[in-house]
Amino acid sequence: MNLSQTAEKMMNKYLILQHPGANSAYYTSSEELALAELQIACNRLQTRSEKIQAEEIADLRYLTFEVETELTESDIKILSRLSFFFALFQQVNSNDPMLLRPIARAPFEFVDEKISSLLKYAGKTNVQFTRMMVNVALLSSDFHYEDRIRLLDPVAGKATTMFEGIIQGFNVFGVEIEHKSVHEATIFFKKYLEREKFIHTFDKHKSGGNQKTEIITQYKFSYAKTREEFDVEETNKKFQMICGNSQNVSDYFKNESMHLIVGDLPYGIAHGNTVGKKFKSVTRNPSELLDLSLPDWYKLLIPGGVIVVAWNSYVVGFDILNEIFKKNGFRVLDAEPYTKFEHLVDKSIRRDIVVAKKGT
Ligand SMILES: C[S@@+](CC[C@H](N)C(=O)[O-])C[C@H]1O[C@@H](n2cnc3c(N)ncnc32)[C@H](O)[C@@H]1O
């Protein structure tokens, strides 16, 4: 047996069964997305990985990969968070590829993951896709899930991204221009905290300038599972939503900087991109909103932090958004697998993401 055969023999093969999710169209179109998310996650494992691919076994889709040494507990924690994760197996014997050993998933949820699916409404971002964006942001940043992550969604809608952040145990912040959405999301969250018996405080207040368009409403929650956790800064969680304009986020969060910014830009179908000083102009194309907002988002992001935004690539191409991000000081991650996220949502939406980092 030569050296390369010995090396091959020592590789460990793992298989992740893809979660069917609630949206069969998304499942059908998400093979490449799952693969890209896994490739990004594999860079964070403690062991070198290769042969990352999708495989059909007995009519079910698995995402598979090989690693030099067996996965550690922390590796399994990273994989368990993947948006497509359903079950993890290790191949027992390469001579019998169907012999699989199940590996227990590592529970990571700070709150039950149902929280992001309970509110249903037109224009809601697919929950699995949102989790993927949050993971891609964290895994591409210089930070770890265990850090006290602060996540901002500057176009928050009814807070799907924020709820996904809460599941991960992050402190979450959101800005949304439509009052009705902010109201419904915060009422829902308040009821949730009460029903689940979290220790919490809630504060709502208006602030801002003399002009109507300068006035913002802030909804601030602090919460924890126990009184002890609530009383300690490190374990007291924050949920803060502002009814305001994403162009002004650095004014709204003067005392907070963000590790991650994740948002689903308006597609111009259920919601437009509201731009301009008086918020009068509503467009389908998100370039103007990005152009006006990115200087502020850049200010808020900690070096090593990452921004992920989704948009409709039928309306504007990647190259144009890429330029806007670069012009504003970001480094766009535009090599594979970051180029593999584009997929069809329906006849009028082809969704893609931009992933951009502050600093090296
Ligand atoms: C695609 S939706 C986000 C949906 C959200 N992820 C959810 O699942 O609820 C985009 C949101 O951006 C909001 N928006 C548009 N222009 C904005 C602006 N200038 N500032 C803040 N929010 C804005 C829209 O009102 C809309 O709710």
Side-chain angles (χ1 to χ4, degrees), residues 33-46 49 74-75 77-85 106 108-110 125 129-156 160-175 234 237-238 246 249-250 253 256-265 290 293-311 321-322 324-326 328-341 352-360:
L33 280 78
L35 204 51
E37 187 184 353
L38 178 60
Q39 280 168 339
I40 293 165
C42 279
N43 292 333
R44 290 292 196 106
L45 301 182
Q46 288 175 352
S49 53
S74 85
D75 292 338
K77 266 192 194 158
I78 290 177
L79 297 172
S80 300
R81 291 178 191 257
L82 294 175
S83 65
F84 61 86
F85 184 100
F108 63 89
E109 297 87 348
F110 179 69
T125 310
F129 176 78
T130 306
R131 184 167 304 178
M132 184 279 292
M133 287 201 288
V134 172
N135 282 329
V136 167
L138 186 287
L139 295 166
S140 307
S141 77
D142 292 350
F143 308 110
H144 304 273
Y145 287 105
E146 292 74 24
D147 296 332
R148 287 191 69 221
I149 299 291
R150 288 184 298 276
L151 165 79
L152 167 72
D153 183 345
V155 283
T160 308
T161 315
M162 297 173 75
F163 295 135
E164 278 298 315
I166 287 175
I167 295 168
Q168 303 283 358
F170 302 163
N171 288 314
V172 294
F173 304 83
V175 175
E234 283 70 36
K237 303 277 182 201
K238 289 186 173 61
S246 57
V249 289
S250 70
F253 301 109
E256 306 278 0
S257 47
M258 305 294 161
H259 299 86
L260 310 175
I261 298 179
V262 176
D264 187 20
L265 297 169
L290 281 178
S293 306
L294 278 181
D296 241 48
W297 300 359
Y298 188 85
K299 261 194 245 167
L300 261 194
L301 202 60
I302 301 173
V306 164
I307 173 167
V308 175
V309 289
W311 92 103
L321 299 196
N322 190 357
I324 299 175
F325 273 88
K326 282 187 182 160
N328 283 287
F330 289 94
R331 183 165 69 84
V332 178
L333 306 180
D334 55 2
E336 270 194 39
Y338 291 96
T339 50
K340 296 290 181 185
F341 288 105
D352 199 356
I353 62 172
V354 176
V355 183
K357 194 164 182 179
K358 179 167 175 173
T360 52

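- Between Phe170 and Tyr145, the two ring planes are parallel [angle under 30°; tilted spans 30° to 60°].
- Between Ile40 and Ser140 the shortest side-chain heavy-atom distance falls below 4.5 Å.
- The closest donor-acceptor contact from the side chain of Trp297 to the backbone of Ser246 lies under 3.5 Å.
- A distance of 11.5 Å separates CG in Leu333 from CD1 in Ile307, rounded to the nearest 0.5 Å.
- The minimum heavy-atom distance linking Ser250 with Leu300 is given by the pair CA-CG, 4.1 Å.
- Cys42 and Ser49 get closest at one heavy-atom pair: CB-OG, 3.2 Å.
- Atom CD of residue Glu146 and atom OG of residue Ser74 lie 7.5 Å apart, to the nearest 0.5 angstrom.
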For side chain to side chain contact (heavy atoms under 4.5 Å, CB included), just list the numbers for Met132 and Asn135, CA-CA rounded to whole Å, side-chain angles, deciding distance to a tenth of an Å, and then say yes or no.
CA-CA 5 Å; Met132 184 279 292; Asn135 282 329; 5.7 Å; no
For a side chain to side chain contact (heavy atoms under 4.5 Å, CB included) check, start with the C-alpha distance between Val262 and Val136, then their side-chain angles and the critical distance, and finish with the verdict.
CA-CA 10 Å; Val262 176; Val136 167; over 6 Å; no
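- Here the side chain of Lys358 pairs a donor or acceptor atom with the backbone of Tyr298 at under 3.5 angstrom.
- Interatomic distance, OG1 of Thr161 versus CD1 of Ile261, reported as 12.0 Å (0.5 Å rounding).
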What verdict does the side chain to side chain contact (heavy atoms under 4.5 Å, CB included) test give for Ile353 and Tyr338, after you've listed the backbone C-alpha separation in whole Å, the side-chain angles of each residue and the deciding distance to 0.1 Å?
CA-CA 8 Å; Ile353 62 172; Tyr338 291 96; over 6 Å; no
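- Annotation: the span from Glu37 atom CD to Leu79 atom CG amounts to 10.0 Å, rounded to 0.5 Å.
- Put simply, the side chain of Glu336 does not reach to within 4.5 Å of the side chain of Gln39, judged on heavy atoms.
- Of all non-hydrogen atoms in Pro303 and Phe143, the two that sit nearest each other are O-CZ, 3.6 Å.
- Nearest heavy atoms, Gly359 versus Arg331: O-NE, 3.8 Å.
- Between Val175 and Phe253, some side-chain heavy-atom pair lies under the 4.5 Å cut-off.
- When side chains are defined from C-beta on, Leu139 does not count as touching Asn43, because their heavy atoms never get closer than 4.5 Å.
- For the pair Lys357 and Val306, the tightest heavy-atom approach, listed with the atom from each and the gap, is CG-CG2, 3.7 Å.
- A distance of 7.5 Å separates CG of Asp153 from CE of Met133, quoted to the nearest 0.5 Å.
- With rounding to the nearest 0.5 Å, the separation of CE in Met258 from NZ in Lys299 is 13.5 Å.
- Stacking of Lys238 on the aromatic ring of Phe173 is not recorded, the 6.0 Å distance cut-off and the 45° axial limit not both being met.
- With contacts defined as side-chain heavy-atom distances shorter than 4.5 Å, the pair Leu151/Gln168 does not qualify.
- The shortest distance between side-chain heavy atoms of Thr130 and Phe163 does not fall below 4.5 Å.
- Phe341 and Ala36 make their closest contact through CZ-CB, 3.5 Å (heavy atoms, listed as atom of the first residue, atom of the second, distance).
- Summarising the local packing, NZ of Lys77 is surrounded by 12 or fewer heavy atoms from other residues, nucleotides or ligands at distances under 6.0 Å.
- In terms of modelled atom types and a separation under 3.5 Å, the side chain of Asn171 and the main chain of Arg150 share no donor-acceptor contact.
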Determine, stepwise, if the pair Phe325 / Val309 fulfils side chain to side chain contact (heavy atoms under 4.5 Å, CB included).
CA-CA 11 Å; Phe325 273 88; Val309 289; 3.8 Å; yes
